[in-house]
Amino acid sequence: MRIVFLGPPGAGKGTQAKMLARRRNLAHLSTGDMLRAAVAGKTVVGLVAQGYMERGALVPDDVVLGVIEEHLADGKAAGGFVLDGFPRTLAQATRLDEMLVSRGAPIDRVLLIDCPMEEVVRRLSGRRSCRKCGAVYHIETMPSKKDGVCDRCGGELYVRDDDREDVIKRRFEAYNRSTLPLIEYYEKKGILIRIDGTAPPDAVATAVEKAVAG
Ligand code: AP5
C-alpha cells in the first residue's frame, strides 16, 4: 500500500501518518523529519535547507527530490509506505509518479487532511515534538504525562523553530501557492479522498482507516 498525506501545516498529517504506518506496518516517510535531521546533522542538504525552513518557505525541489529518492530506494519502503509532507509541488508530484510507475507501484490513495488557518495556528502554537523519537504532542489536546518529557522514549520535548506565528503564516501561504494545485492533480487521477481534520484525532484516524480500506 502506498499512501500520500496532503494538507496544510498543522492539519495533523504527521500524527495520522505515523498512526497509519504503525497500524499497517508501513514505512513512514516524512520529508520534514528528513530535512530537520539533515539540519541537525549539519549535512550539505541541511545547510541548504535550513534558511528556507526557518522562514517558512519550501526547500527547492531538486534538494527534496534527492532526499526522498534515497529513502524510496531503501528496502524499508519496499513493503509499502506513507508519504507525509511530500509531494508539495507539481514538479515533485510528477517526478514521484515517474519513479513509482517505472516500478509498477503507483500511489493507491491521496488523503487530504483539511483544516482552517485559525485552528492550524492554535495547534502549532501548542505543539511539542520529541527530539529523540519525533513523537508529537499538544499542550492542551494531547499533553505528555510529564511536562516536557516524551511518554514513549523519555526524550526532551521542544518547540519547532518554524512554529512561531509569523512563520506559520508564511508556511500556510507557501501551501496555498504551491501545494493546493496538487488537489486537482490527484482528483483528476481519481485517487484523492478528503478528510475533515478538525475532528478529534481518533475520529480522524477512523476516517483515514475507512479511506484506505475502501
Ligand atoms: P513539515 O515538517 O512537513 O511541516 P508541515 O507540512 O508544515 O506540517 P507539520 O509537521 O507542521 O504539521 P502536520 O500536519 O504534520 O501536523 P501534526 O500532526 O504535527 O515541513 C517543515 C518544513 O520543511 C516546510 O515548511 C519546508 O520548509 C520543508 N519541507 C518539508 N517537506 C518539503 C517538501 N516536500 N518540499 C519542500 N519543502 C519541504 O499536528 C500539529 C499539532 O496539532 C500537534 O501538536 C498535534 O498534537 C495536534 N493535532 C494533530 N491532530 C489533531 C486533531 N485532530 N485535533 C487536535 N489537535 C491535533
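Just follow the structure's listing: the first ligand is 1, and inside any ligand the first atom is 1. Numbering of residues begins at 1 and proceeds along the displayed sequence.
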Chemist: Looking at Ser129 and Arg160, what are the two nearest heavy atoms and their distance?
Modeler: OG-CD, 4.1 Å
Chemist: Which residue supplies the protein heavy atom nearest to atom 37 (N) of ligand 1, what is that atom called, and how far is it?
Modeler: Val59 N, 3.0 Å
Chemist: Please report which non-hydrogen protein atom sits nearest to atom 44 (O) of ligand 1, along with the residue it belongs to and the distance in Å to one decimal place.
Modeler: Tyr137 O, 2.8 Å
Chemist: Less than 4.0 Å between a side-chain N and a carboxylate O, is that true for Asp166 and Arg55?
Modeler: no
Chemist: Could you check whether atom OH of Tyr52 has more than 12 heavy atoms from other residues, nucleotides or ligands sitting under 6.0 Å from it?
Modeler: no
Chemist: For Glu184, look at atom CD and say whether over 12 heavy atoms of other residues, nucleotides or ligands are found less than 6.0 Å away.
Modeler: no
Chemist: Any heavy atom of Gly7 sitting closer than 4.0 Å to ligand 1?
Modeler: no
Chemist: Residue-level breakdown please: for Leu58 versus ligand 1, do any non-hydrogen atoms fall below 4.0 Å on the side chain, on the backbone, on both, or on neither?
Modeler: both
Chemist: Evaluate whether atom NZ of Lys18 has more than 12 neighbouring non-hydrogen atoms of other residues, nucleotides or ligands under 6.0 angstrom away.
Modeler: yes
Chemist: Can you report which non-hydrogen protein atom sits closest to atom 15 (O) of ligand 1, along with the distance?
Modeler: Gly14 N, 2.8 Å
Chemist: Nearest heavy-atom pair of Arg88 and Thr179: which atoms, and what distance?
Modeler: O-OG1, 2.8 Å
Chemist: May I ask you to decide whether Asp84 forms a salt bridge with Lys13, counting only side-chain N to carboxylate O separations under 4.0 Å?
Modeler: no
Chemist: Does Arg128 count as lying over the ring of Tyr137, i.e. NZ or CZ under 6.0 Å from the six-ring centre, within 45 degrees of the axis?
Modeler: no
Chemist: When you compare ligand 1 with Lys13, is there at least one nitrogen or oxygen pair between them that comes in under 3.5 angstrom?
Modeler: yes
Chemist: Using a plain distance cutoff, I'd like to know if Asp162 has any nitrogen or oxygen under 3.5 Å from a nitrogen or oxygen of ligand 1.
Modeler: no
Chemist: Among the heavy atoms of Gln16, does any lie under 4.0 Å from an atom of ligand 1?
Modeler: no
Chemist: Any heavy atom of Gly56 sitting closer than 4.0 Å to ligand 1?
Modeler: no
Chemist: What protein heavy atom sits nearest atom 19 (O) of ligand 1, and how far off is it?
Modeler: Arg127 NH1, 2.6 Å
Chemist: For atom 27 (O) of ligand 1, find the nearest protein heavy atom and state the residue, atom name and distance (0.1 Å precision).
Modeler: Ala57 O, 2.6 Å
Chemist: Within less than 4.0 angstrom of ligand 1, does Gly126 place any heavy atom?
Modeler: no
Chemist: Would Asp163 count as a polar contact of ligand 1, with the cut-off being nitrogen or oxygen pairs under 3.5 Å?
Modeler: no
Chemist: Just to confirm my output: which protein heavy-atom neighbour is closest to atom 53 (N) of ligand 1, and how far is it?
Modeler: Ala199 O, 2.9 Å
